[in-house]
Peer 1: 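Sharing a structure with you now.
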Amino acid sequence: MVDDGSAALTIGQALQIAVKAQREGKLDQAAGIYGQILSHDPDNGDALHLLGTLEMGRGRLEAAEQFLRRAVEAHPEVPAFKASLAKTLYLTGRTDEGLRHAARALADAPDNPGIREVANLLLRTEPALDLLELADPLVPIQASAAPEPGKCQVIGMAVGYAVPALRAFVRSLREVYAGPVHLFIDDNAAVQAFLDAHHINWSLVTASSAHPVLSRFALYRSFIETLDEDVRILLTDVSDVIFQGHPFQFSGDEPLVGVLEDPSVSLGACPWNSDWLRTHFGVTMLTRLSARRISCIGTIFGSRAGLKDYLTQLCLSAATLPVPAIYGLDTAIHNVLLHHRTVPGTAVLENGWPVATVQHMAQSAIEARDGGIRLADGRLPLIVHQYNRRQSMLDLVKARYQG
């Protein structure tokens with residue numbers, strides 16, 4: 001109960017009075033009531049958030065940050081708390097940390113107008129995509145076999161998958177790579193036990209309105225911040241990826257390394273990619289990129305710094321879009337970022353080796369034979385993505401890994 005000087009009130013009633021006072025400009029009165037609420041309920045998210053925004057509004061940014069951090073820590077499932085903390089950090093000059101919280105808020109609630117407004121505010125500190133000049137066409141780097149880097153990390157999202165959907169990915173990876181792997185999963189005891197048995201680290205993704213298409217990249221960015229500066233990282237799809245060799249044993253240490261799809265189909269010629277670009281960016285962007293190569297977002301390599309920059313831009317670019325449909329949004333933004341080279345040092349690998357993305361490859365270019373998925377010259381790609389698009393490959397994978 002809270003005492004307003006005349007009667008004992010419930011916390012809900014006290015909040016209503018405080019919000020009314022705040023709207024009428026009676027800030028000291030409102031702050032006093034919020035303080036009383038917090039003395040009774042120190043983790044009350046509404047009181048912490050409202051008091052934080054009140055202090056931000058009158059320029060007391062240090063106090064605002066203190067209350068808003070408490071709100072986010074006590075209630076990480078509430079996107080608005082993260083967005084308000086992001087704005088406070090931006091106002092204190094800590095744009096990079098603010099971007100992290102804005103990206104998480106946007107991933108949780110991509111259609112919330114207030115959160116999109118905050119994300120747009122912070123995004124203006126980055127180059128606006130529509131003001132960038134299109135870079136020259138990306139020339140694939142010539143990758144060759146190379147020693148394993150000193151530090152490696154594989155990261156993926158496995159929310160919604162049961163154990164059978166993970167067997168091929170996990171078992172094939174552990175046949176060729178003993179290094180650290182981190183998957184984001186939902187609360188499934190069988191999946192947790194399976195990953196533990198294969199020494200795969202995992203984190204639970206709490207239920208929210210967030211769509212995995214966006215939320216995974218915000219989660220990746222937060223996780224990457226915990227890694228060492230000199231680590232090489234692979235961000236990968238899970239359900240349609242297998243490994244036939246150590247995923248990092250190839251040359252190429254650029255900050256961001258995307259993977260091209262088969263050169264026979266461009267962004268404009270592919271019915272899926274052209275539709276995603278048109279839907280999310282409009283006809284002008286589709287026309288601009290129509291002749292450019294497709295890059296698949298399912299496998300991306302990079303350094304800690306390069307991927308952190310890339311993931312920030314990817315998450316916050318969504319704030320500038322109308323988001324009429326989630327599907328394909330990530331792939332559309334990925335191709336826009338790569339072809340505009342918004343991350344310094346962006347590079348791409350030619351399709352086939354070390355990564356084969358199967359969708360548009362000719363039947364004769366990649367086949368399931370001799371116990372593996374092989375290129376026409378007999379080489380085994382280190383990573384095969386979209387193997388489930390070919391029945392012969394799917395049969396091989398099931399026979400080898402699903403038993």
Peer 1: Assess the pair Phe217 and Tyr220: is the distance between their ring centroids shorter than 6.0 Å?
Peer 2: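 Between Tyr220 and Phe217, which both carry aromatic rings, the centre distance is below 6.0 Å.
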Peer 1: Can the ring centres of Phe301 and Phe250 be said to be less than 6.0 Å apart?
Peer 2: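 Phe301 vs Phe250: aromatic centres under 6.0 Å.
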Peer 1: Evaluate the side-chain proximity of Ser251 to Gln142: yes if any heavy-atom separation is below 4.5 Å, no if none is.
Peer 2: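 No, every pair of side-chain atoms sits at 4.5 Å or beyond.
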Peer 1: Any side-chain heavy atom of Met361 within less than 4.5 Å of one from Gln359?
Peer 2: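 In short, these two side chains do not touch, never coming nearer than 4.5 Å.
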Peer 1: For the atom pair CZ (Arg94) and CG (Leu61), what is the distance rounded to the nearest 0.5 Å?
Peer 2: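 Nearest 0.5 Å value for the CZ-CG distance: 9.0 Å.
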Peer 1: Can you tell me which residue among Val348, Asp309, Leu338 is in a side-chain contact (heavy atoms from CB on, under 4.5 Å) with Leu256?
Peer 2: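 Among Val348, Asp309, Leu338, the one that satisfies the side-chain contact (heavy atoms from CB on, under 4.5 Å) with Leu256 is Leu338.
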Peer 1: Decide yes or no for Phe67 and Thr53: does some side-chain heavy atom of the first lie under 4.5 Å from some side-chain heavy atom of the second?
Peer 2: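 Counting from C-beta outward, Phe67 and Thr53 never come under 4.5 Å.
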Peer 1: Taking the side chain as everything from C-beta on, heavy atoms only, tell me whether Gln153 gets closer than 4.5 Å to Asn201.
Peer 2: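 Sidechains of Asn201 and Gln153: no contact.
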Peer 1: Is any side-chain heavy atom of Arg100 closer than 4.5 Å to one of Leu89?
Peer 2: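 They are not in side-chain contact.
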Peer 1: When you compare the side chain of His385 with that of Asp240, does any pair of heavy atoms fall below 4.5 Å?
Peer 2: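 In short, these two side chains touch, coming nearer than 4.5 Å.
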Peer 1: Run the salt bridge (charged side-chain N to carboxylate O under 4.0 Å, His left out) check on Arg278 and Asp275 step by step: do they pass?
Peer 2: CA-CA 5 Å; Arg278 183 187 304 106; Asp275 183 57; 3.8 Å; yes
Peer 1: Are Arg171 and Glu175 close enough, and set up right, to give a salt bridge (charged side-chain N to carboxylate O under 4.0 Å, His left out), and what steps lead you there?
Peer 2: CA-CA 6 Å; Arg171 289 177 173 173; Glu175 282 186 357; over 6 Å; no
Peer 1: Parallel, tilted or perpendicular, judged at 30° and 60°: which one describes the rings of Tyr310 and His334?
Peer 2: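 Geometry flag for His334 against Tyr310: perpendicular rings.
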Peer 1: Taking the six-membered ring for Trp, are Phe248 and Tyr177 parallel (under 30°), tilted (30 to 60°) or perpendicular (over 60°)?
Peer 2: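 Tilted, since the angle between the ring planes falls between 30° and 60°.
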Peer 1: What I'd like to find out is whether the side chain of Asp186 reaches to under 4.5 Å of the side chain of Val205, using heavy atoms alone.
Peer 2: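 Answer no - side chains too far apart.
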